[in-house]
Student: 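Quick one: the structure is below, questions incoming.
The residues of the chain are indexed from 1 along the displayed sequence. Keep in mind that what you see is a predicted model, and the values were worked out from it rather than measured. Note: hydrogens, waters and symmetry copies are ignored here, and every other heavy atom, side chains too, is used.
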Amino acid sequence: GSNVLKMSSSIKIKPKTAVLKIQSALPCSPQAAIKPQPKPSDKLNPKTIDPFGAYTRPPSAFAAIYAKGGIPCRLVHGSVKHRLQWECLPETVPFDPLLLTLAEGLRETKHPYTFVSKEGFKELLMVEGATEKAIPLLPRLVPVLKAALAHSDDEVFERGLDALVQLSAVVGPSLNDHLKHLLTNISRRLMNKKFRERITVALQKLEQYGGKATVEIIKYKIPTYCSISS
């Protein structure tokens with residue numbers, strides 16, 4: 001009788017230990033590693049999202065504002081060239097924050113943001129009274145333009161350079177106090193033959209709009225610069 005009990009108890013224990021061994025081995029099995037069973041909750045679990053996926057990158061601040069209608073102009077595709085259509089007269093739009101937002105957009109690399117930011121910045125500075133509206137914004141505008149001029153993308157740099165010249169034409173000598181912060185990144189691109197002529201023309205325009213004091217500031221950062229008055 002005791003032998004039967006021993007046998008029955010051993011029969012009960014063995015299957016349990018065997019089951020435990022199989023369960024512990026499952027996660028390490030190659031099949032489990034290659035084909036994990038998806039759970040319904042996985043779709044909602046952020047851990048299952050590929051961080052390097054094409055669609056997980058959040059939109060830039062400019063793109064988000066544009067999508068929400070925060071920029072009162074839209075791109076109109078023409079047969080020859082594109083243009084901007086303003087939802088209201090640019091003269092009626094507050095420069096703060098729109099001019100700053102458009103300046104931020106100069107660092108965009110995707111269409112239509114590239115065109116809207118570049119053209120919008122230029123057209124806003126063309127409105128009547130732009131000088132009085134833009135000068136108070138210079139301490140906040142200059143760091144944004146500096147970031148565009150420091151960008152690795154050549155087209156972003158070019159947009160930043162054009163925007164700087166456009167701003168200089170509007171604010172004149174008022175830009176001189178901030179100019180030294182922008183010239184470092186410009187001088188770096190001057191080493192590239194591709195940009196030499198374009199930068200030289202831009203510096204001459206900065207001198208034209210900024211006056212004699214601008215020459216000293218430019219020469220301090222770019223000693224090889226030749227003044228238009230010399």
Side-chain angles (χ1 to χ4, degrees), residues 58-151 153-179 181-183 185-186 198-199 201-211 214:
S60 65
F62 182 83
I65 293 169
Y66 184 80
K68 290 175 184 175
I71 298 165
C73 55
R74 284 290 177 270
L75 171 64
V76 177
H77 292 274
S79 56
V80 180
K81 65 176 186 177
H82 305 323
R83 65 180 179 85
L84 279 188
Q85 182 175 330
W86 291 83
E87 294 166 7
C88 52
L89 290 172
E91 292 85 355
T92 63
V93 179
F95 269 43
D96 187 2
L98 186 60
L99 191 66
L100 293 159
T101 303
L102 291 166
E104 289 276 2
L106 295 170
R107 298 203 303 275
E108 293 290 334
T109 54
K110 291 180 180 179
H111 186 77
Y113 312 126
T114 49
F115 182 86
V116 171
S117 59
K118 176 186 73 172
E119 196 64 23
F121 188 87
K122 182 178 80 173
E123 291 186 17
L124 200 58
L125 286 175
M126 290 167 65
V127 305
E128 191 176 344
T131 302
E132 293 77 17
K133 294 176 181 179
I135 287 174
L137 297 178
L138 286 176
R140 290 153 67 197
L141 263 177
V142 168
V144 179
L145 290 179
K146 183 181 177 182
L149 293 167
H151 204 282
D153 189 289
D154 288 349
E155 290 183 6
V156 171
F157 170 77
E158 289 172 352
R159 284 195 292 275
L161 191 65
D162 290 345
L164 175 61
V165 171
Q166 290 155 11
L167 183 64
S168 175
V170 172
V171 302
S174 296
L175 188 61
N176 285 340
D177 291 339
H178 309 274
L179 198 54
H181 301 297
L182 300 162
L183 290 171
N185 293 317
I186 292 174
R198 187 165 185 162
I199 289 173
V201 171
L203 293 173
Q204 288 172 346
K205 286 183 178 178
L206 291 176
E207 178 188 346
Q208 179 188 335
Y209 302 133
T214 310

Student: Would you please name every residue forming a side chain to side chain contact (heavy atoms under 4.5 Å, CB included) with H82, sequence neighbours left out?
Tutor: L75, H77, H111, F115
Student: Ignoring hydrogens, what is the shortest heavy-atom contact between V156 and A148? Give both atom names and the distance.
Tutor: CG1-O, 3.6 Å
Student: Between F95 and L124, what is the shortest heavy-atom contact and its length?
Tutor: CZ-O, 3.1 Å
Student: Once salt bridge (charged side-chain N to carboxylate O under 4.0 Å, His left out) is applied, do any residues pair with R83, and if so which ones, sequence neighbours excluded?
Tutor: none
Student: Quick check: closest heavy atoms across L145 and G160, and the distance to 0.1 Å?
Tutor: CD2-O, 4.5 Å
Student: How far does CG of L98 sit from CG of L137, to the nearest 0.5 angstrom?
Tutor: 10.5 Å
Student: Shortest non-hydrogen contact from C88 to V93?
Tutor: SG-CG2, 3.7 Å
Student: Does Y66 have any ring-ring contact (aromatic ring centres under 6.0 Å, His included) partners at least two apart in sequence or in another chain, and if so, which?
Tutor: Y113
Student: Taking only residues two or more places apart in sequence, or in another chain, which ones meet D96 in a salt bridge (charged side-chain N to carboxylate O under 4.0 Å, His left out)?
Tutor: R140
Student: Return the set of residues passing side chain to side chain donor-acceptor pair (under 3.5 Å) with E104 (not counting sequence neighbours), or none when no residue passes.
Tutor: R107
Student: Going through the checks in order, is the side chain to side chain contact (heavy atoms under 4.5 Å, CB included) test met by T92 and W86?
Tutor: CA-CA 11 Å; T92 63; W86 291 83; over 6 Å; no
Student: Tell me whether the count of non-hydrogen atoms from other residues, nucleotides or ligands lying under 6.0 Å of NZ in K146 goes above 12.
Tutor: no
Student: Nearest 0.5 Å please: distance from the OG atom of S168 over to the CG atom of L175.
Tutor: 5.5 Å
Student: Check the pair L99 / L125 against side chain to side chain contact (heavy atoms under 4.5 Å, CB included), numbers first and verdict last.
Tutor: CA-CA 8 Å; L99 191 66; L125 286 175; 4.0 Å; yes
Student: Does S60 form a side chain to side chain donor-acceptor pair (under 3.5 Å) with E108? I'd like the steps, not just the answer.
Tutor: CA-CA 8 Å; S60 65; E108 293 290 334; 2.4 Å; yes
Student: Scan residues 116-129 for pairs that pass salt bridge (charged side-chain N to carboxylate O under 4.0 Å, His left out), counting only residues two or more places apart or in two chains.
Tutor: E119-K122
Student: With sequence neighbours left out, write down each residue that passes side chain to side chain donor-acceptor pair (under 3.5 Å) with T101, or none if nothing qualifies.
Tutor: none
Student: Could you measure the distance from the CD atom of Q85 to the SG atom of C73? Nearest 0.5 Å is fine.
Tutor: 10.0 Å
Student: Shortest non-hydrogen contact from L167 to A134?
Tutor: CD1-CB, 4.4 Å
Student: Taking atom CG of L106 and atom CZ of F157, what is their separation to the nearest 0.5 Å?
Tutor: 12.5 Å
Student: Going by the salt bridge (charged side-chain N to carboxylate O under 4.0 Å, His left out) test, which pairs reach into residues 160-178, not counting sequence neighbours?
Tutor: D162-R198
Student: So, taking the atom named CG in L183 and the one named NE2 in H178, what distance separates them when rounded to the nearest 0.5 Å?
Tutor: 13.0 Å
Student: Closest approach of I135 and S174, non-hydrogen atoms and distance?
Tutor: CD1-OG, 3.5 Å
Student: Is there a side-chain contact between E155 and T109 (heavy atoms, below 4.5 Å)?
Tutor: no
Student: Looking at CZ of R159 and CG of L149, how far apart are the two atoms once the value is rounded to the nearest 0.5 Å?
Tutor: 12.0 Å
Student: Under the side chain to side chain contact (heavy atoms under 4.5 Å, CB included) rule, collect the residues that match up with N176, sequence neighbours excluded.
Tutor: P173, L179, A213, T214, I217
Student: Any non-hydrogen side-chain atom of F62 less than 4.5 Å from a side-chain atom of I71?
Tutor: yes
Student: Quick one: list whatever passes side chain to side chain contact (heavy atoms under 4.5 Å, CB included) with V165, sequence neighbours left out.
Tutor: A202, K205, Y209
